[in-house]
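So the structure is just underneath, and the comments pick up after that.
Note that this is a predicted model, so its numbers are computed, not measured. For the numbers below, each heavy atom of this structure counts, side chains included, while hydrogens, waters and symmetry mates do not.
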Amino acid sequence: MIVKYGGNAMKSLDLRRAVARELAALRGETPVVVVHGGGPVIERELAARGLESEFVGGLRVTTPQAMDVVEMALGQLGKQLAQDLGAAVGLTGRDCALLRAEVLDPRLGRVGRVTGVNAGLLRTLLGAGLTPVVGCVAVGEDGEALNVNADTAAGAVAGALGEGVVFLTDVDGVYRAYPDPGSRATQLTRTEVEEGTGAGWIAGGMIPKVRAALDALDRGAPFATIASGMTAGVLAQAARGEAGTRIVP
């Protein structure tokens, strides 16, 4: 099972550690790989250095100077998450070319699209009883770091390992009539996602989330689940298909 973890669920230390406990419990049932972002941490570190953030199409414009900060912040955060989890190793794409990428768009600077995953390294760590905690920094064709979107990185890892992925976010799933809780879709096919986007009941911030789920399916993941990382107990339920919205081919 691949778990993408980040965003608002990382703003609270207590919540971060609660999620770590849930991850530790989940790996008692199935091997787990954690892929994390760290937007709030990156924002804080950039601001501390007087560097402004600019986004284009939801992606952070990453200058070489900003890339240094992103890599530092995610590397430190990964070590902290691994410590919270226990029996875990904090990594980035630089480690044994774990994540390889190409420049996505020169206008975005050091932003990449994942082109390869060192699945062998992940399987070796899992086989040793260790949980890989992967920060979304990849190594580019020039050998230098690239900033990659954590959702698409998680999808790439899921595809490389042939495992399902759970995207922990700040919403309970996909709603057919938001915010009616009774309208949450427990499962959607690719066709239904495309129909929902066209009809408008999948809109706004949910669109990039479902696109990341479809990208994971394209890369070989058997399913992708969008679920809340803000409520205790949801992760185990989502892994069983009992919470969030599971998107299937």
Side-chain angles (χ1 to χ4, degrees), residues 1-6 10 19-20 23-24 26-27 30-39 41-42 45 59-60 62 64-104 108-168 212 215-216 218-222 224:
M1 176 74 69
I2 315 305
V3 178
K4 184 270 176 175
Y5 176 45
M10 286 184 170
V19 172
L23 286 165
L26 178 62
R27 70 183 176 191
T30 183
V32 174
V33 176
V34 178
V35 178
H36 70 90
V41 178
I42 293 169
E45 296 299 332
L59 297 174
R60 183 186 302 276
T62 308
Q65 187 178 14
M67 186 67 242
D68 288 342
V69 177
V70 168
E71 186 170 17
M72 179 205 68
L74 291 179
Q76 182 183 58
L77 179 59
K79 300 299 184 184
Q80 293 169 341
L81 294 174
Q83 181 180 7
D84 290 344
L85 186 54
V89 180
L91 304 164
T92 73
R94 281 195 191 267
D95 295 293
C96 297
L98 175 54
L99 298 177
R100 300 182 299 279
E102 62 185 10
V103 172
L104 180 63
L108 296 171
R110 302 297 304 176
V111 173
R113 182 184 73 84
V114 177
T115 57
V117 175
N118 186 346
L121 173 61
L122 297 175
R123 292 192 179 101
T124 297
L125 292 170
L126 292 170
L130 298 172
T131 298
V133 178
V134 183
C136 56
V137 172
V139 60
E141 296 170 336
D142 59 359
E144 297 299 323
L146 288 172
N147 182 16
V148 295
N149 178 272
D151 289 331
T152 55
V157 170
L161 293 177
E163 297 287 347
V165 56
V166 175
F167 295 101
L168 290 181
D215 181 66
D218 287 340
R219 292 176 181 265

Next on the checklist: Can you tell me which residue among Val35, Leu146, Val134, Val137 is in a side-chain contact (heavy atoms from CB on, under 4.5 Å) with Leu99?
Outcome noted: Val134

Checklist entry - Out of Leu26, Val165, Val33, which one pairs with Met1 under the side-chain contact (heavy atoms from CB on, under 4.5 Å) rule? => result Leu26

Next on the checklist: Could you go through Val157 and Leu161, starting from their C-alpha distance and side-chain angles, then the distance that decides it, and tell me whether this counts as side-chain contact (heavy atoms from CB on, under 4.5 Å)?
Outcome noted: CA-CA 6 Å; Val157 170; Leu161 293 177; 4.1 Å; yes

Heavy-atom donor-acceptor pair, [X] side chain to [Y] backbone, under 3.5 Å:
X	Y	result
Thr115	Arg100	yes
Asn118	Cys96	yes
Lys4	Asp151	no
Arg110	Ala145	yes

Which atom of [X] lies closest to which atom of [Y], heavy atoms considered:
X	Y	result
Cys136	Leu74	SG-CD1, 3.8 Å
Ala224	Ala216	CB-CB, 4.4 Å
Ala97	Val139	CA-CG1, 4.1 Å
Ala154	Ile2	O-CG2, 3.9 Å
Ala156	Val114	CB-CG1, 3.7 Å
Ala212	Phe167	O-CZ, 3.9 Å

Checklist entry - Do Arg219 and Val117 pass the side-chain contact (heavy atoms from CB on, under 4.5 Å) test, and can you show the C-alpha distance, the side-chain angles, and the key distance before you say yes or no? => result CA-CA 11 Å; Arg219 292 176 181 265; Val117 175; over 6 Å; no

I need the [X] [atom1] to [Y] [atom2] distance, nearest 0.5 Å.
X	Y	atom1	atom2	answer
Leu125	Thr131	CG	OG1	9.5 Å
Gln76	Glu45	CD	CD	6.5 Å
Met72	Ile42	CE	CD1	9.5 Å
His36	Thr92	NE2	OG1	8.5 Å
Glu163	Leu122	CD	CG	11.0 Å
Leu91	Lys79	CG	NZ	6.5 Å

Checklist entry - Under the side-chain contact (heavy atoms from CB on, under 4.5 Å) criterion, do Glu144 and Met67 qualify, and how do the steps go? => result CA-CA 10 Å; Glu144 297 299 323; Met67 186 67 242; over 6 Å; no

Checklist entry - Any chance CD of Glu102 has more than 12 other-residue heavy atoms, nucleotides or ligands included, within less than 6.0 Å? => result yes

